[in-house]
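As structure tokens, the structure follows; a few thoughts come after it.
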Protein chains: 2
Amino acid sequence: MRPTVHDIAEAAGVSLATVDRVLNRRPGVRAETRARVEDAIGRIGFVRDMAAANLAKSRIYPLVFIIPNGDNSFMAGLRQEIEEAIQRSPLERTEIQRIDVPAFDARALAEALDSLLADPPVGVAVVAVDAPEVHAAIGRLREQGTVVVTLVSDLPGSARDHFAGVDNIAAGRTAGSLMGRFLGGRTGSVAVIAGSMLVGDHRDRLTGFSERLNEINPTLDILPVLESQDDPDAVYRLISKRLAADPEIAGIYNLGAGNRGLIRALTGLRESHGRPMVIAHELTQHTRHALLDDLIDAILNQDPGHEVRSAIRVLKAKADGVPVIDAQERIRIDIFLKDNLS
Amino acid sequence: MRPTVHDIAEAAGVSLATVDRVLNRRPGVRAETRARVEDAIGRIGFVRDMAAANLAKSRIYPLVFIIPNGDNSFMAGLRQEIEEAIQRSPLERTEIQRIDVPAFDARALAEALDSLLADPPVGVAVVAVDAPEVHAAIGRLREQGTVVVTLVSDLPGSARDHFAGVDNIAAGRTAGSLMGRFLGGRTGSVAVIAGSMLVGDHRDRLTGFSERLNEINPTLDILPVLESQDDPDAVYRLISKRLAADPEIAGIYNLGAGNRGLIRALTGLRESHGRPMVIAHELTQHTRHALLDDLIDAILNQDPGHEVRSAIRVLKAKADGVPVIDAQERIRIDIFLKDNLS
DNA sequence: CTGTTAGCGCGTTCAG
DNA sequence: CTGAACGCGCTAACAG
């Protein structure tokens, strides 16, 4: 049997209450007594049973997820995963609230964060927008003890405790690598379409993509990036126009959302000449079908289920000051071909 | 607050002990009383707090991992992950024993499984070898209540409760897909090397690879498969010989272990002519370096850490009869290029 | 067949 | 500043 609070009490010659005060860093213990207890804890290798502690406290972890309310499939998937976590809440001692805010709106996001200050939850997971007011709002939450995890979109340099998402420069490089290799020695031009160059993720992906594609095949001509605001219809319009202007286009990389528009544009194309090499992000029902139908060649993915579960584990662990298993919380850049659709 | 056993007792007009007997399907309750209690449970939507139950029972889950003692890097990694799980045991209420058996030895494996019958653990995770005696031994364990999970290598049709590993046909197809696309329209021959065609995993990978490569580029000539017994030296010899016989070889697929030998053979080659396209399995320190050094083009991987943690979660859940999160327990076929090395 | 009671490991009053 | 006693949700003797 592993040591319990009783063993500590005995070893240190104090009562259970004193041990508890030391364990929970509460006042009311003489420095000398505290030292004796801490020594005993270290000596007998005590690790507190969090399950028992939570039972005694009837503790539940109030958590909040703040995500953009856009209707693209990826965010819908993320929302779905949060809902499933809410279903599991009773068994995991969590109480999860989901707050939807307008997409790409730093002001609204900062306000949502500040609204939590009145009754601060234990932890907050937030799809960040890179702006000073968001930085500041996160700082305020942290200052009064709330754990903050950025989700999908990071805010480097802010006070957040952890990021549950992928390295988007690496994701871009991976896309560039696949594009370069799939195109072999071919020459021609490659179209790139993003949601908005104002978003850090998208900038990072473009950077990585351009760098890597240039390394592999410098003769390929990367066209100026198109911006869709992640709107499927805009993607459709922009890509169709591009294709009409240059029917010999060798590759298309959609580093943002709105893949439905891309797929629509490609479907029209199929009948006529051969289609370009196509790489996009996020495995959804649409992109899954497009892979199977040979309309898209590769999908880079971040698993939203993993991201949500990881965020919850990390928020709870940081709140309790216990370590996490790093490897388990690393969100991978998944590459899907039609052959390894999980 | 969610309902507790007390609420059930009150609602059904019985005592706590009776509720407990019903919950744990123990005898000593009249059918009529049992029905009343079960009705109450359903009516008030009771879900038992496993943490509290385990606390009361002082329950620990005795688990056993049986793995082959080969010294290839993948198995070493798996072993490492098991050791780390053993470190975490006290916090997870598990007590994990690791048993190493000779690789590819069905007799030894069956004996190891049978040795557990004397004092059966709650759950067993085993890297299976496809043989009738292993089937039978697993059946015996299951019959007296032990949960069995196959790990890495499955045993379809056996009594195992769950498989923690990847679909190796899909893995082979993925390798074929990458090889075909990376080689573009090139012609030539592709060498394939396996550990042993007696192992189900390796047969599956070969099947998938051949099928898919043929679909994509039927002009490529897939050479007869070489067998290395997963021994790096054998891999080195066989591949070197193949390369000497045909210096114009277009691609190499190692679907087994022993990548160190492959890498050595490729290193020698580098100085002379360009090297073939190379795809192999399992991300280890060696293959990681080879990717970074541009000696290998792609690595297909199954995450041993994920497999071990998943096996433990599933064993505990099945032992308690509680559901698992399917998506969380699905082991993905990871594709690694030098760009997305996690 | 059913109920009473103590206790798992820990946290929290409330006295001393 | 310290300790005794009770309770969290559940299980397990032991009575009846």
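What you see is a predicted model; the values in this text were computed from it and never measured. Throughout, protein chains are lettered first and strands after them, A, B, ... in sequence-line order, and every chain is numbered starting at 1.
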Checklist entry - In whole angstroms, how far is the C1' atom of dG9(D) from the CG atom of L23(B)? => result 11 Å
Checklist entry - Does R30(B) make a side-chain N or O approach to OP1 or OP2 of dT2(C) shorter than 4.0 Å? => result yes
Checklist entry - Does dG3(D) have OP1 or OP2 sitting under 4.0 Å from an N or O in the side chain of S15(A)? => result yes
Checklist entry - Atom CG of D20(A) to atom C1' of dC6(D): distance rounded to whole Å? => result 14 Å
Next on the checklist: Rounded to whole Å, how long is the line connecting atom CZ of R93(B) with atom C1' of dC10(C)?
Outcome noted: 12 Å
Checklist entry - With distance as the sole criterion, is a donor-acceptor pair present between the side chains of S89(A) and Q87(A) under 3.5 Å? => result no
Item to check | Closest to side chain of L55(B), choosing from dC8(C), dC8(D), dC10(C) | outcome: dC8(C)
Next on the checklist: For a quick test of reading the model: is some side-chain N or O of R21(A) closer than 4.0 Å to OP1 or OP2 of dG11(C)?
Outcome noted: no
Checklist outcome for this item: Between its two end axes (five pairs each) the helix from dC1(C)-dG16(D) to dG16(C)-dC1(D) turns, nearest 10 degrees, through 50°
Item to check | Exam field: side chain T4(A) to backbone H6(A), donor-acceptor pair closer than 3.5 Å | outcome: yes
Checklist entry - Is there a side-chain hydrogen bond (donor to acceptor under 3.5 Å, both in side chains) between R332(A) and N301(B) once you walk through the steps? => result CA-CA 12 Å; R332(A) 279 170 298 216; N301(B) 184 62; over 6 Å; no
Checklist entry - Do the side-chain N or O atoms of N54(B) get closer than 4.0 angstrom to the phosphate oxygens (OP1, OP2) of dC10(D)? => result no
Checklist outcome for this item: The residue, A17(A) or G28(B), whose nearest nucleotide of DNA chain C is more 5′ is G28(B)
Next on the checklist: Would the distance check show the side chain of D49(B) and the main-chain N or O of A51(B) forming a donor-acceptor pair, the cut-off being under 3.5 Å?
Outcome noted: yes
Checklist entry - Is the backbone N or O of V324(A) less than 3.5 Å from a side-chain atom of R313(A), with the two atoms forming a donor-acceptor pair by type? => result no
Checklist entry - Which pair of non-hydrogen atoms, one from E307(A) and one from G165(A), has the smallest distance, and what is that distance? => result OE2-CA, 3.5 Å
Checklist entry - Rounding to a whole Å, what distance do you find between E32(B):CD and dT2(C):P? => result 8 Å
Item to check | d(CZ, F46(A); C1', dG11(C)) in whole Å | outcome: 12 Å
Item to check | Atom pair distance, as rounded to whole Å: CG in D7(B) and P in dG9(D) | outcome: 9 Å
Next on the checklist: Check this one for me: any side-chain N or O of T33(A) less than 4.0 Å away from OP1 or OP2 of dC1(D)?
Outcome noted: no
Item to check | S58(A) vs dC8(D): side-chain N/O to OP1/OP2 distance below 4.0 Å | outcome: no
Item to check | dG3(C) phosphate, OP1 or OP2, under 4.0 Å from T18(B) side-chain N/O | outcome: yes
Next on the checklist: Counting the atoms with a prime plus P, OP1 and OP2 as sugar-phosphate, which does D49(B) contact under 4.0 Å by heavy atoms, base, sugar-phosphate, or nothing?
Outcome noted: sugar-phosphate
Checklist entry - Hey, is the side chain of R26(B) poking within less than 4.0 Å of OP1 or OP2 on dA12(D), counting only N and O atoms? => result yes
Checklist entry - How close or far is atom P of dG9(D) from atom CD1 of I60(A), stated in whole angstroms? => result 13 Å
Item to check | Result of checking V64(B), L151(B), V148(B), V134(B) against V126(B) for side-chain contact (heavy atoms from CB on, under 4.5 Å) | outcome: V148(B)
Checklist entry - Across the strands shown, which category fits V19(B) at heavy-atom distances under 4.0 angstrom: base, sugar-phosphate, nothing? => result nothing
Next on the checklist: I'd like to know if the side chain of H306(B) and the backbone of Q328(B) have a donor-acceptor N/O pair within less than 3.5 Å.
Outcome noted: yes
Next on the checklist: Please report the distance, rounded to the nearest Å, between CD1 in I8(A) and C1' in dC10(C).
Outcome noted: 11 Å
Checklist outcome for this item: Closest to the 5' end of DNA chain C, once A56(B) and P27(B) are matched to their nearest nucleotides, is P27(B)
